Amino acid sequence: MGRFLIIAGIVMLALGLAWPLISKLGLGRLPGDIVWERGNTRVYFPIVTSIILSVALSLILYLIGRGRG
């Protein structure tokens, strides 16, 4: 469990550092992402971005797991 948490932390750190580059790719502003604005309030639901990232991460983890076995 400890090893998993360390790896998850490193991945999150890498994503945080790479966020300026990721935002230039258009992730977070895809068609299907919901933005609700009223006055000074903005609520953002990145549904399509979340689905795409989930599929990509699942594929990567599947390929990593397949290489070990």
Side-chain angles (χ1 to χ4, degrees):
M1 183 69 169
R3 183 175 181 176
F4 171 76
L5 290 174
I6 291 172
I7 291 172
I10 291 170
V11 168
M12 290 176 65
L13 177 67
L15 286 174
L17 292 173
W19 189 253
L21 298 173
I22 293 171
S23 64
K24 288 182 182 179
L25 295 174
L27 287 176
R29 290 178 277 134
L30 297 174
D33 291 345
I34 299 170
V35 179
W36 178 75
E37 296 182 40
R38 180 172 289 174
N40 294 336
T41 305
R42 176 185 280 180
V43 180
Y44 183 68
F45 300 104
I47 296 171
V48 175
T49 299
S50 298
I51 292 171
I52 289 174
L53 291 177
S54 175
V55 170
L57 184 59
S58 295
L59 180 63
I60 290 168
L61 292 175
Y62 169 76
L63 293 174
I64 290 172
R66 187 171 175 220
R68 286 185 165 186

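Every value quoted in this text rests on a predicted model; they were computed, and no experiment measured them. The first residue of the sequence shown is numbered 1, and numbering continues consecutively from there.
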Report summary line: Applying side chain to side chain contact (heavy atoms under 4.5 Å, CB included) to T41 and not counting sequence neighbours gives W36, V43
Query raised in the report: Same cluster or not: are L5 and L57 linked, directly or through other Ile, Leu, Val, Met, Phe, Trp or Tyr residues, by side-chain heavy atoms under 4.5 angstrom apart?
Result: no
Report task. Could you note down all residue pairs passing salt bridge (Lys or Arg N to Asp or Glu O under 4.0 Å) where residues 31-41 supplies at least one of them, sequence neighbours left out? Result -> E37-R42
**Report entry** Expected output: side-chain S54 to main-chain S50 donor-acceptor under 3.5 Å
**Finding:** no
Query raised in the report: What residues form a side chain to side chain contact (heavy atoms under 4.5 Å, CB included) with L59, not counting sequence neighbours?
Result: L63
Query - In one Ile/Leu/Val/Met/Phe/Trp/Tyr side-chain cluster, 4.5 Å: I52, F45 - result: no
Query raised in the report: Applying the side chain to side chain contact (heavy atoms under 4.5 Å, CB included) test to L17, which of L13, L15, L21 qualifies?
Result: L13
Requested in this report: Using side chain to side chain contact (heavy atoms under 4.5 Å, CB included) as the criterion, list what pairs up with I60, not counting sequence neighbours.
Outcome: I64
Query raised in the report: Could you state the interatomic distance from CD1 (I47) to CD1 (I51), rounded to the nearest 0.5 Å?
Result: 7.0 Å
